[in-house]
Amino acid sequence: MSQQVTRYNTAIADLAAQHGAITVDSYHTTIFTDPATLGDDGNHANAAGYDAIAQIRFNAISPLLP
């Protein structure tokens, strides 16, 4: 599965670059493997995880902000 995700992410990044879109890499983070950022179900982020996701996304778009 990991290899397939990597292939999908590469294809998405290539298409985004062709169209001038920004991608945000959540795959290479610890948000979904670190108990400190996971909810009780072990699959979804908790409040700290969502804060981390928001920060990653903000960092990705901040160079475009005035």
Side-chain angles (χ1 to χ4, degrees):
M1 184 58 123
S2 180
Q3 291 176 343
Q4 190 63 30
V5 169
T6 299
R7 284 192 287 269
Y8 286 143
N9 285 346
T10 299
I12 291 167
D14 291 345
L15 284 170
Q18 289 174 20
H19 296 279
I22 293 175
T23 58
V24 178
D25 183 5
S26 296
Y27 184 68
H28 292 101
T29 69
T30 60
I31 295 167
F32 300 104
T33 57
D34 182 352
T37 53
L38 279 176
D40 292 337
D41 67 1
N43 289 314
H44 297 91
N46 62 17
Y50 284 115
D51 285 347
I53 292 167
Q55 188 64 55
I56 291 167
R57 291 178 179 179
F58 177 77
N59 292 345
I61 66 167
S62 63
L64 303 174
L65 300 174

Looking only at heavy atoms, which two atoms of Ile22 and Ala60 are closest? And how far apart? CD1-O, 3.8 Å
What are the two closest non-hydrogen atoms of Ala45 and Ile31, and how far apart are they? CB-CG2, 4.5 Å
Using side-chain contact (heavy atoms from CB on, under 4.5 Å) as the criterion, list what pairs up with [X], not counting sequence neighbours.
X     : answer
Ala16 : Ala21, Thr23
Asp41 : Asn43, His44
Gln18 : Leu15

Taking atom CD as the centre, does Gln3 end up with more than 12 heavy-atom neighbours from other residues, nucleotides or ligands that are less than 6.0 angstrom away? no
Please identify each residue that fulfils side-chain hydrogen bond (donor to acceptor under 3.5 Å, both in side chains) with Ser2, with sequence neighbours left out. Tyr27
Can you name the residues that form a side-chain hydrogen bond (donor to acceptor under 3.5 Å, both in side chains) with His28, not counting sequence neighbours? Asp25
Would you tabulate the side-chain donor-acceptor contacts of residues 48-59 under 3.5 Å, counting partners in other chains and residues two or more places apart, or write 'none'?
| residue | atom | partner | partner atom | Å |
| --- | --- | --- | --- | --- |
| Gln55 | NE2 | Asn59 | OD1 | 2.9 |
| Asn59 | ND2 | Gln55 | O | 3.3 |

Hey, what do you get for OG1 (Thr29) to CG (Asp34), rounding to the nearest 0.5 Å? 9.5 Å
